[in-house]
**Student:** 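What follows is a single structure, and I will ask about it in a moment.
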Amino acid sequence: MVIDLTGDSDSEDQIRSQLHSNIKSATPNFFTHLAHRTPLPSVPLKRKSEKSPESELYDAFFNFRKKPLAPSVGSSAASSSAPHQNNKPNGCSIAPALQPSTPSPSPAITEQSLPAQVISVVVPSPSRQLKKEIESAKWAPSARKRGLKGAYPAARKVNRAAIPLPIGTPGPILKKRPEALDQQYRTLQRKLSMIKGPKVTCAPDDGLKLAKVTANFEFINSYKLHKGVSPAPAEFIGGCSCGKYCDPDRCPCSEKEDDSTENIIPYQRARDRPDLLVLTPEFLKRSTMIFECGAKCACDKGCWNRVVQRGRTVELEIFHTGNRGFGLRSPSYIRAGQFIDCYLGEVITKKHADIREDIALKNGHSYLFGLDFSPEVDEADIYVVDGQRFGCATRFMNHSCRPNCRMFTVTNTIGDERLYNLAFFALNDIPPMTELTFDYNPGTEKSTQVDSSVVACLCGEDNCRGQLWPSKRKGTK
Ligand SMILES: C[S@@+](CC[C@H](N)C(=O)[O-])C[C@H]1O[C@@H](n2cnc3c(N)ncnc32)[C@H](O)[C@@H]1O
């Protein structure tokens, strides 16, 4: 006889009625067998109350199918140790109701244990109730593992993509940037548009990256003077009385050579563009300060000796270099000696700069430039420009051991020894879209000295010194 219990084991009534129709002949042998083979199992009766012995036997059978075989089958010791063993008619030994402890016996064991001619049972999957019992039981880890393995079907792999969505087909893939990035990008565009003079842009593909980098950076159009920093009082500032246009050879603003009365004239007209004033080739080789006419001078704004104060004349583009972070270039052709832009930032005292420099040393980047040009100013009293948080496009200029730009000190407040401009000029003609670079540590020799703040130089020039000191404060001497 075969009783198929593989359907949902919750439908026991069905099965019970199937059993009922066959039970009369099967019962004696079967339960004798049960009594003989399974003296111990801890089987809680499913329904104990007011049942006929026959129906209790059915229940016993069902519970037996769901409950484990005792580990020591046939052991009389185990049998006698069962605390509440019920002795039923027909010699059937119904095991006491103990806590469920092991999973269902495997079909193999069952079929071996039961003579085929008596009854053959196909073991059903566990009922929901049994699953709950198994889950809530206190298992030893290994037993739990085995129990779960036997009790539950293995997880099936499902191709979720193949399951049709009841809520309809998905919409198109969003190509839009997330709102936060969009916002950062718009903020960058707004910041760039606030810069005075010809356009400063970002390379089209690098906008999002630059927007992130400049999220905490403000572009400014002039120095931001910090507490403790102030320009020299107006009475200290000098000026010329040349008239509307200064005579280059006589203007007292121009610098003179030591022991000479001859003026050093910084600017001349560009060969191919008479409207453009550029540094003379001789001046490009000097390291002297450029003295421009200023507010106290009698000349007007069109004077040849007012270049840096008139501002930038070239467009600039910030772009990603690929190996050295961002860099700066211009879509315009730049002539040798042409003014590019100033280095701007917060102007802070030396004391304050020392604190920021310690932090910069740890971070590996320093945007500090000491205004240390004048020998008249004590080292402890100098001001320092910090382009870290506030600055302009030149903050992105990288170092090269063969640079195409140089920084000059420029003043139009003659007499103020502590506060003046740091201006970049082209050292040679620079084709459009060529990276603009300057030497971070001019005068430094190639050396094998290594300190913690040294960075491998990636300028790629054949005369490369191999390293730079980005966390070292730069100076103007
Ligand atoms: C003033 S920042 C220049 C702008 C910088 N690239 C950026 O994205 O902000 C100086 C830093 O640029 C990098 N850098 C500049 N010139 C470099 C060079 N020649 N080789 C390697 N890194 C350089 C270094 O990381 C240095 O600390």
Side-chain angles (χ1 to χ4, degrees), residues 184-185 188 191-192 195 200-220 316-330 340-348 353 356-371 384-407 422-424 427 430 433-447 449-476:
Q184 272 185 345
Y185 185 77
L188 170 68
K191 286 178 182 175
L192 292 176
I195 301 172
V200 176
T201 54
C202 176
D205 291 345
D206 302 331
L208 286 179
K209 260 189 237 160
L210 184 64
K212 265 191 195 166
V213 168
T214 54
N216 290 319
F217 178 77
E218 296 299 328
F219 288 90
I220 51 177
L316 293 173
E317 183 180 86
I318 302 163
F319 72 104
H320 201 273
T321 61
N323 62 352
R324 290 156 294 130
F326 287 93
L328 192 67
R329 65 190 175 194
S330 174
I340 293 167
D341 206 353
C342 284
Y343 187 83
L344 294 179
E346 295 169 90
V347 185
I348 55 179
R356 291 196 184 184
E357 192 163 45
D358 285 346
I359 299 166
L361 276 170
K362 281 178 204 130
N363 294 342
H365 297 284
S366 168
Y367 296 86
L368 298 170
F369 267 94
L371 297 177
V384 178
V385 183
D386 185 3
Q388 165 96 44
R389 177 86 178 73
F390 296 88
C392 62
T394 55
R395 175 223 204 241
F396 295 100
M397 278 175 81
N398 286 317
H399 161 90
S400 173
C401 298
R402 181 170 286 125
N404 52 17
C405 300
R406 218 186 96 193
M407 180 187 270
L422 302 169
F424 290 102
L427 287 172
I430 304 173
M433 301 310 247
T434 307
E435 182 174 358
L436 305 173
T437 56
F438 71 104
D439 192 335
Y440 283 10
N441 312 105
T444 314
E445 294 298 313
K446 191 167 182 163
S447 103
Q449 173 206 341
V450 173
D451 67 43
S452 60
S453 66
V454 85
V455 163
C457 179
L458 301 171
C459 74
E461 296 294 338
D462 52 14
N463 65 333
C464 179
R465 302 195 291 267
Q467 52 189 27
L468 62 138
W469 285 265
S471 56
K472 218 189 219 178
R473 184 187 313 170
K474 296 161 199 68
T476 58

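Positions are given from 1 along the sequence. Counting convention: from 1, in listed order, for ligands and their atoms alike. No hydrogens, no waters, no symmetry mates; every other heavy atom, side chains included, goes into these values.
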**Student:** Answer side chain, backbone, both or neither: which part of T321 comes under 4.0 Å from ligand 1, heavy atoms only.
**Tutor:** neither
**Student:** Consider every N or O of L458 and every N or O of ligand 1, then say whether any pair is closer than 3.5 Å.
**Tutor:** yes
**Student:** Relative to the heavy atoms of F396, which atoms of ligand 1 are at a distance of less than 4.0 Å?
**Tutor:** 4 (C), 9 (O)
**Student:** I'd like to know if M397 contacts ligand 1, where contact means a heavy-atom distance under 4.0 Å to any ligand atom.
**Tutor:** yes
**Student:** When you compare the side chain of M397 with that of M407, does any pair of heavy atoms fall below 4.5 Å?
**Tutor:** no
**Student:** Quick one: closest heavy-atom pair of H399 and C457, and the distance?
**Tutor:** CD2-SG, 3.5 Å
**Student:** Does even one non-hydrogen atom of G387 get within less than 4.0 Å of ligand 1?
**Tutor:** no
**Student:** Quick one: pull up NZ in K212 and CG in L188 and give me the separation to the nearest 0.5 Å.
**Tutor:** 13.0 Å
**Student:** Check whether any heavy atom of S400 sits under 4.0 Å from an atom of ligand 1.
**Tutor:** no
**Student:** Nearest heavy atom to atom 9 (O) of ligand 1: which of Y367, F326, Y343, Y440 does it belong to?
**Tutor:** Y367
**Student:** Between atom CG of N463 and atom CZ of R465, what is the distance when rounded to the nearest 0.5 Å?
**Tutor:** 8.0 Å
**Student:** Show the nearest heavy-atom pair for residues N323 and L458, with the distance to one decimal.
**Tutor:** O-CD1, 3.5 Å
**Student:** Would you say that Y367 contacts D386 through its side chain, given a criterion of any heavy-atom pair below 4.5 Å between the two side chains?
**Tutor:** yes
**Student:** Hey, are the side chains of S330 and I340 touching, using non-hydrogen atoms and a 4.5 Å cut-off?
**Tutor:** no
**Student:** Under a 4.0 angstrom heavy-atom cut-off, which atoms of ligand 1 come close to A456?
**Tutor:** 20 (N), 21 (C)
**Student:** Number the atoms of ligand 1 from 1 as they appear, then name those within less than 4.0 Å of a heavy atom of C457, with their elements.
**Tutor:** 19 (N), 20 (N)
**Student:** In terms of atom number and element, which parts of ligand 1 are under 4.0 angstrom from non-hydrogen atoms of N398?
**Tutor:** 3 (C), 4 (C), 5 (C), 6 (N), 12 (O), 13 (C), 14 (N), 15 (C), 16 (N)
**Student:** Measuring from atom CG of L210 to atom CG of L192, what distance do you get when rounded to the nearest 0.5 angstrom?
**Tutor:** 7.0 Å
**Student:** With atoms numbered from 1 as shown, which atoms in ligand 1 lie under 4.0 angstrom from a non-hydrogen atom of G325?
**Tutor:** 6 (N), 8 (O)
**Student:** Nearest to atom 22 (N) of ligand 1 by heavy atom, K209, R395, E461, R324: which?
**Tutor:** R324
